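Not measured: the values here are computed from a predicted model. Residue numbering restarts at 1 for every chain, and letters A, B, ... go by the order of the sequence lines.
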Amino acid sequence: MDERLLKPYDPKEIEDKIYKLWEESGFFNPDICIEKGIIKKDAPKFSIVLPPPNATGVLHLGHVLEDSMQDTMIRYHRMRGEKTLWLPGTDHAAIATDSKITKILEKEGLKKKDIGREKFLERVNTFVADSRKTIVSQLRKVGASLDWSREAFTFDEKRNLAVRTVFKKMYDDGLIYRGHRIVNWDPKGQTVISDDELVYEEKKSKFYTFKYGPFEIGTARPETKFGDKYVVMHPKDERYSKWKHGDKLTVEWINGPIEATIIKDEIIDMEFGTGVMTITPWHSHEDFVLAEKYKLDKEQIIDKYSKLLPIAGEFAGMKILDAREKIVEKLKTKGLLVSIDENYINRIATAERTGGIIEPQIMLQWFIDVNKKISSRGNKTLKELMLEPVRDNKINILPDHFEKVYFNWIENLRDWCISRQIWYGHRIPVWYKNKEVYCGIETPEGEGWIQDEDTLDTWFSSGLWTFSTLGWPFDYAHGKPKKGSDLETYHPTSVINPGYEILFFWVARMILMSQYLIGEIPFKVVYLHGILRDAKGQKFSKSLGNGIDPIEVINEYGADALRMSMIVGIGPGADSKFDIQKVKAYSKFTNKIWNAARFVLENTKDFDSTKETELDEEDKKSEKELQNLITEITKEMDEYKFYIVAEKLYHYFWHTFADIIIERSKKKILENKNTISARVLLLSQLTTLLKALHPFIPFITEEIWSMMPLQKDKKLLLVEKWPFDFAQGKPNDN
RNA sequence: GCGCGGUUAGCUCAGUUGGUAGAGCAAUCGCUUUACACGCGAAAGGUCGGGGGUUCGAGCCCCUCACCGCGCACCA
């Protein structure tokens, strides 16, 4: 017997070695599989692009969950003999990375502004390069069978070209425009962010009621009220029926009298407060809409640094939070304060990445118009292009109920603000010279052109990921992928497997970009996974200090055990709790497999299974039972029910193969009765089970496979055939 | 306010088209049985959140209530 089996199972000893073996075989690359005759050239294809981890940090357990699922799918399809591509990459994560480096600099006592754009970007690039190396090595540790020859980065040369190309096309189609709109300004990060990057926090705050001429108005933000000169009420509110739309009156306000205008609009909720409000169009989204509707004046009150502007008079230059109480004090002195409600719950918008309190501002920014009809796409809007494939089931979202969530998001979608005032990211490919504006893929010829300072929302480049990774440049002139390119072969991809929290950020944007640019869906199935929490059900976070390094877990229990714990019992879209006990349990399972293999190999040495294959009745029955299981799980694999398959295999291996079949064989061998039948069955079952288990626990199955006394042209288990004959619709005979 | 999940054994969760409730972990009892004590065997544990309905039959379908979680909108 193989010496390796004499020792107890130690994953640490074999996993790195096995991964190297796989990598050296080249079989992660489908081209090599075809070249070496492993996979037929005309085989069906199966492709997944890895959701690129942010190049700001290290892999966490949530990544491992994602990677385990995808690797399981990829390995299953590769074993089915399909042209299987799993494409790796990392994400430059513009804002997240920019703010991370800014924080690191701050610790060194340096300010972004002081070191300048160029130096800053150098720092970022060094950091990102390191981070990417770490991530890549971690992915190997998990056993991810990614085709490293195709590794991409959302901010490398090719992806940058893709970004510029798409930007220009959208610009030429009039989908990208620059304009003054109300946006979410993050004073802390000093950039604009999109609606999706907001996080709302509920906070108890004071709600003030002030006298405003004959009316009483409420506000939680007195510091925005300096320029309020429009009083809005519901046209049907009888309390105010004596006032007509457009009436003017003079009211005493913070810094003296103001001429106010009455506006009647149904936006007002008569039940709320006094049923009267004043508006601040520059710093409130709803007020802005109203101001646009009636063409009202808009005036800026607060600057980019959250300080009051000269309109605030004596308060000018003060930080808004410092000014608030003082303004209230002044109004009180003037006899204009009516009441203060201390128990008001305010929802405050904050920036996801920096935590800064958002100040709505009217600013000149770049947007993508989601409601403009696109002639090259059958006069459909981007909204429609996003909606249709999901509605028409060309794209299947799992679990199903997220389709409703997706529709709900699209219905409420506004134009997408894509410009950011940070330095790290794809530069907007627009140049200015005096009043001339040039948008192009390359820098314009001639002197004096100055490029737009802004960078793009990181999700702009992420949105291109399914196709920017597959053989860009694209045949732009014909709007088609180039012949024989990866794009033609592997797009649309088969599955995308992100967490549901980025359904809008990413999945929707990929559908938008792919539908618009190449007129094709980016993927057929969206298999959403849930959030992985700690054993108590809390989110993993730095502030809680509950992070667990996956590499430490792998070092202790093995990647197989960790992977198994991430698959079993975790259905699509379901949040799950990480419990080290579960990993421990599956490390026992790998140990069990190891020992069962030891028994089988010990009892089948010098045994030629090809000679005599007659099984006795009970062994035939067992063989049939396993075949039934294979048929069952093959169907379930195709239905994305990995969480059930993994459990069934676990259960069969342990409680049927080990507990019944091995025990029965001991008796037969001991009594020297039907020993051939017993041995044949042991080998055949182990062979089938190793294959079926390989997508889930690739390391240990590969290691045992290498010791199996099978035919001479034995391949790596990685590329062995899945034990089901799809042509005949029944399990393979071994 | 609109919408979506969840509530099943002490814990974590499965439960496919409705047909006498399942797994893992934990806990109990007994085992050095020659692959494995990271083991083996045995037993124990649930009125499937409450109420109502459809059905010969409901964890599963319908209605309703409660609690937990999430998304979106409003928030003067």
Side-chain angles (χ1 to χ4, degrees), chain A residues 1 5-6 8-9 195-196 200 202 205 207-210 212 215-221 224-225 228 230-233 267-269 272-280 284-287 290 344-349 399-413 500-501 503-504 530-531 533 535-537 557 561 564-565 568-571 573-603 632 635-636 639 641 643-644 646-648 650-651 654-655 658-659 662-663 665-667 669-670 682:
Chain A
M1 189 180 55
L5 279 173
L6 296 175
Y9 178 60
D195 294 342
D196 300 288
Y200 289 96
E202 294 211 330
S205 49
F207 186 79
Y208 308 91
T209 305
F210 299 116
Y212 187 87
F215 309 106
E216 286 183 0
I217 57 153
T219 184
R221 302 198 56 198
T224 64
K225 296 273 142 196
D228 285 18
Y230 299 102
V231 204
V232 193
M233 54 207 76
I267 196 173
I268 290 291
D269 174 3
F272 188 92
T274 56
V276 183
M277 69 171 183
T278 59
I279 59 167
T280 314
S284 153
H285 193 272
E286 298 309 310
D287 294 359
L290 206 61
Y344 181 70
I345 303 292
N346 204 8
R347 261 182 69 197
I348 297 168
D400 292 339
H401 71 258
F402 274 102
E403 294 194 351
K404 291 179 197 162
V405 178
Y406 180 80
F407 295 144
N408 186 255
W409 177 79
I410 290 186
E411 277 161 29
N412 293 308
L413 190 62
Y500 62 73
E501 75 276 12
L503 178 62
F504 309 140
I531 296 168
R533 297 164 187 280
K536 291 180 202 154
Y557 298 102
M564 197 71 179
S565 78
V568 174
I570 303 178
D575 289 352
S576 52
K577 291 177 188 163
F578 180 80
D579 192 341
I580 197 74
Q581 288 304 120
K582 197 171 170 187
V583 182
K584 231 183 243 176
Y586 290 106
S587 74
K588 287 184 187 177
F589 179 52
T590 52
N591 184 63
K592 186 77 181 176
I593 294 174
W594 187 256
N595 285 301
R598 175 148 97 184
F599 177 86
V600 172
L601 293 176
E602 223 171 88
N603 285 284
E632 226 174 279
K635 184 168 167 266
E636 282 159 350
E639 291 166 351
K641 293 179 179 164
Y643 55 107
I644 292 175
E647 196 178 342
K648 280 186 179 170
Y650 171 95
H651 204 251
W654 203 308
H655 299 297
D659 289 352
I662 288 186
E663 291 308 316
S665 76
K666 281 183 192 168
K667 219 174 171 188
I669 291 166
L670 203 69
L682 287 176

If you check the A:Trp654 side chain, which of B:G24, B:A35, B:C40 turns out closest?
-> B:C40
Touch class at under 4.0 angstrom, heavy-atom based, for A:Glu286 against every strand present | sugar-phosphate
Picking from B:G71, B:A35, B:U12, which would you name as closest to the side chain of A:Lys577?
-> B:U12
Selected nucleotide, minimal atom distance to A:Lys588 side chain, candidates B:G24, B:G71, B:C38 = B:C38
So which of A:Asp228, A:Asp269, A:Ile268 actually passes side chain to side chain contact (heavy atoms under 4.5 Å, CB included) with A:Met277?
-> A:Ile268
Determine the interatomic distance between P on B:G22 and the same-named atom on B:G46; round to the nearest Å.
-> 14 Å
Starting from P on B:G6, measure out to CZ on A:Arg533 and report it in whole angstrom.
-> 15 Å
Proximal nucleotide (of B:A35, B:G41, B:C13) relative to the A:Asp659 side chain | B:G41
When you measure from the side chain of A:Lys592, which nucleotide among B:C40, B:C75, B:C72 comes out closest?
-> B:C40
Roughly how far apart, to the nearest Å, are B:G6 and B:C13 at atom P?
-> 13 Å
Winner on side-chain proximity to A:Ala585, out of B:C25, B:G5, B:G71, is B:C25
Sugar-phosphate, base or nothing in reach of A:Phe589, heavy atoms under 4.0 Å = nothing
Sticking with atom P, work out how far B:G39 lies from B:G53, rounded to a whole angstrom.
-> 49 Å
